[in-house]
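In this text, all values refer to a predicted model and were calculated from it rather than measured experimentally.
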Amino acid sequence: MLVQQLALVDCNNFYVSCERLFRPDLTNCPVVVLSNNDGCVVSRSNEAKALGIKMGQPWFECKAVAEQHGILALSSNYPLYADISNRVMSVLRTFSPRSEIYSIDECFVDLSGTPNLRAQSYALREIIGKWTGIPVCVGIGSTKTLAKLANYVAKKHPRSRGVFNLNDLSEEQLRRLLSQIPVGEVWGVGSKLSRRLSELGIDTVLELREAHSPTLRAAFGVVMERTQRELLGQPCIELEQVAPDKQQIMSSRSFGRPVTELAILQDALSVFVANATEKLRSQNGKTSLVQVFLSTDRFRKDLPQYHPGMAIPLPSPTSDSLLINRWVQQAAQWLWRPGYRYKKAGILLGAITSALNGQHDLFEESASPVSPLMQTLDRLNTRFGRGTVRLSSAGLTRQWEMRQERKSPAYTTDWDQLPGV
DNA sequence: TCTCCGATTAGAC
DNA sequence: CTAACGGTCTAATCGGAGA
């Protein structure tokens, strides 16, 4: 039985690469993209990495280095990245009928049975580059975990020219390679587990692969055992060709400035309800548990802290934003205590069930998956832009909105923002 | 003592 | 000048409540 040739295709520095598509002048310049609220660095060009900017680092901490070396920081532009991602994924689909979109910038592609795999892998890189302008690396292995690891090698070693296939190595070569990779590079092993593994003398991927499994399982549980088996080439994590429906849907945001008025908080919450319920309806779901939470600024140890939240079980599953919003607004009044500077709030829709072919409640008015009013609302907002029709408590002031002072134009999704049109 | 369930932890990106 | 630190999601595990 031949081993699986599973590829992980990962876009290089994805958000930065998207920005560069429309700003070729940024090639070879240090560039970073910031998270919401211009808070943390979430994507770095190679030049920015070389200057020591860390993934997830708060931007204000980088300011000094940034000014010294002229690093350009951009606010994140998610509609742009989603659009480019879709293009990349469409091209990838032409290489294999079996694939899984793993994240906005990563895709597993089953290339088993592909003739001339080496050449095809390089061709894949070329074509994605030519058709979308996004540079990618390809890692190939016999399991997802090994494909991920191969991708790490492809990214790390320039000599690979962006493609690395672990299946091409002899056992001897493989062991030598794995003995040089820190265990923290393995998919599923983060900083906490790295440290605990290290205490047991497991520092490299090879040591994890060859560790005593029962001991490993006893100390770390089934997840680590699976990871070990995957490193040994036994597939334990299946390719998920269709994305499963969400089990919970969250909408939350840090505010651009501290919120000290209930009305402003309520305005924000109504927007969160609109966003979350739209997602819920797009998967034909209904929720019967709504959670609401607020929070002061956890980083301000000098200020009084308050992080309340409450869960509201609904009498019957629904996807009606008006109904859900009434509960959320009520919750806000319960949770609100004056005198605090609120920095963040959010809602979470849980206990999600499918409105399709599921049995419905005796007391539900209609068997229709989504009420006609909600359908109309979604259509209008899709057609004319998000927020065209909004909840009545969603005021027009938006005094809570996040800061995004460095945003690039919506090149691909808004004609008005294209230069020279 | 067992089972269930909500909260917590750890991870990914 | 000062203050300036993301958002969504899943699975496993923990620990208390109630049977």
Side-chain angles (χ1 to χ4, degrees), chain A residues 8 10-16 32-44 53-64 66-67 73 75-76 78 81-82 85 100-108 144-145 148 151-152 183-197 217-227 236-237 240 243-258 272 275-276 279-280 283 289 291 293 295-303 307 309-311 313 341 343-352 402-406:
Chain A
L8 176 70
D10 191 327
C11 302
N12 301 349
N13 315 332
F14 183 56
Y15 298 169
V16 166
V32 299
V33 172
L34 303 177
S35 65
N36 278 340
N37 239 350
D38 293 343
C40 298
V41 173
V42 291
S43 182
R44 307 159 292 158
I53 304 292
K54 298 292 173 223
M55 186 62 176
Q57 202 176 3
W59 175 238
F60 72 88
E61 280 179 20
C62 315
K63 282 265 176 70
E67 265 165 42
S75 302
S76 40
Y78 289 107
Y81 312 147
S85 174
E100 171 187 341
I101 297 172
Y102 176 67
S103 73
I104 194 163
D105 73 330
E106 283 177 57
C107 187
F108 289 101
K144 281 184 165 182
T145 305
K148 277 270 200 184
N151 196 283
Y152 163 81
V183 72
E185 299 300 336
V186 173
W187 191 33
V189 179
S191 60
K192 296 272 168 48
L193 291 173
S194 283
R195 208 166 314 127
R196 284 174 54 204
L197 283 165
R217 160 138 203 185
F220 298 96
V222 296
V223 180
M224 190 68 80
E225 193 187 25
R226 266 207 296 265
T227 297
C236 304
I237 309 172
E240 292 189 13
D245 287 340
K246 304 272 179 266
Q247 301 175 23
Q248 48 186 32
I249 295 171
M250 175 158 69
S251 179
S252 74
R253 207 108 304 179
S254 294
F255 302 134
R257 52 179 71 56
F272 301 157
N275 291 341
K279 257 194 216 174
L280 180 66
Q283 68 172 45
L289 185 71
Q291 284 175 261
F293 55 89
S295 172
T296 49
D297 188 342
R298 290 168 187 272
F299 295 102
R300 292 291 301 270
K301 304 287 190 217
D302 55 321
L303 294 176
H307 314 124
M310 71 188 299
R341 295 158 62 86
K343 194 65 202 319
K344 180 176 176 166
I347 67 156
L348 182 69
L349 308 180
I352 293 175
M402 61 187 182
R403 286 189 303 272
Q404 279 203 303
E405 291 163 358
R406 308 155 169 277

List the residues meeting ring pair (Phe, Tyr, Trp, His ring centres under 6.0 Å) with A:F60, not counting sequence neighbours, and say none if there are none.
none
Given 3.5 Å as the limit, does a donor-acceptor pair link the side chain of A:Q283 with the main chain of A:K246, or not?
yes
Classify the nucleic acid contact of A:L34 as base, sugar-phosphate or nothing, counting any heavy atom under 4.0 Å across all strands shown.
nothing
Let me have a per-nucleotide readout for nucleotides 1-7 of chain C, 5' to 3', with B, S or -, counting only protein heavy atoms under 4.0 Å.
--SBBSS
Whole angstrom value for the distance that separates P of B:dA12 from OH of A:Y152:
14 Å
Here the distance between atom C1' of C:dC9 and atom OH of A:Y102, to the nearest Å, is 10 Å
Residues which pass side chain to side chain donor-acceptor pair (under 3.5 Å) with A:Y152, listed by chain and number, not counting sequence neighbours
none
Separation of C:dA11 C1' from A:K144 NZ (nearest whole Å):
14 Å
Could you write out each protein N or O paired with an N or O of nucleotides 12-15 of chain C at a distance under 3.5 Å?
residue	atom	partner	partner atom	Å
C:dA12	OP1	A:R226	NH2	3.2
C:dT13	OP1	A:V222	N	3.4

The criterion is ring pair (Phe, Tyr, Trp, His ring centres under 6.0 Å); which residues satisfy it with A:F108, sequence neighbours excluded?
A:Y102, A:W187
Holding to salt bridge (charged side-chain N to carboxylate O under 4.0 Å, His left out), I want the full list of residues that pass it with A:E225, two or more places apart in sequence or in another chain.
A:R217
Could you tell me how far apart A:I249 (CD1) and C:dC9 (P) are, to the nearest whole angstrom?
6 Å
Where the side chain of A:K246 is defined as all heavy atoms beyond and including C-beta, which of B:dG11, C:dC9, C:dA11 is the nearest nucleotide?
C:dC9
Which part of the nucleic acid does A:F14 contact within heavy-atom distance under 4.0 Å: base, sugar-phosphate only, or nothing?
nothing
Can you tell me if A:N151 uses its side chain to pair, donor with acceptor, with the backbone of A:L8 under 3.5 Å?
yes
Students often get this wrong, so: under 4.0 angstrom with heavy atoms, is A:Q248 touching a base, only sugar-phosphate, or nothing?
base
Which is true for A:V33 with a 4.0 Å heavy-atom rule: it touches a base, it touches only sugar-phosphate, or it touches nothing?
nothing
Just jot down the salt bridge (charged side-chain N to carboxylate O under 4.0 Å, His left out) partners of A:K144, sequence neighbours excluded, or say none.
A:E100
List in chain and number order the residues that pass salt bridge (charged side-chain N to carboxylate O under 4.0 Å, His left out) with A:R300, two or more places apart in sequence or in another chain; answer none if no residue qualifies.
A:D302
Interatomic distance, A:E100 CD vs B:dA12 P [rounded to whole Å]
16 Å
Rounding to 0.5 Å, atoms CZ (A:R196) and CE (A:M224) come to a distance of 7.5 Å
Just to be sure I follow the notation: if a pair is Watson-Crick (purine N1 to pyrimidine N3 plus N6-O4 or O6-N4) or a G-U wobble (N1-O2 and O6-N3), each under 3.5 Å, what dot-bracket string does DNA chain C give, with | for pairs to another strand?
......|||||||||||||
Using a 4.0 Å heavy-atom cut-off, does A:I104 contact any base of the nucleic acid, only the sugar-phosphate backbone, or nothing at all?
nothing
Holding to salt bridge (charged side-chain N to carboxylate O under 4.0 Å, His left out), I want the full list of residues that pass it with A:D10, two or more places apart in sequence or in another chain.
A:K155
Roughly, in whole Å, what's the span from CD1 in A:I101 to C1' in C:dC9?
16 Å
Within the pair A:K192 and B:dA10, is there a side-chain N or O less than 4.0 Å away from OP1 or OP2?
yes
Please check if the side chain of A:S76 supplies one atom and the backbone of A:L34 the other of a donor-acceptor pair under 3.5 Å.
yes
Pairs under 3.5 angstrom only: tabulate donor-acceptor contacts from the side chains of residues 247-258 of chain A to other protein residues two or more places apart or in another chain.
residue	atom	partner	partner atom	Å
A:R257	NH1	A:Q399	O	3.3

Within this structure, what is the NZ-CG distance for the pair A:K344 and A:N37, rounded to the nearest 0.5 Å?
10.5 Å
For the pair A:S85 (side chain) and A:I104 (backbone), establish whether a donor and an acceptor sit closer than 3.5 Å, ignoring hydrogens and angles.
yes
Could you go over nucleotides 3-6 of chain B and give all protein N or O partners under 3.5 Å, atom names and distances?
none

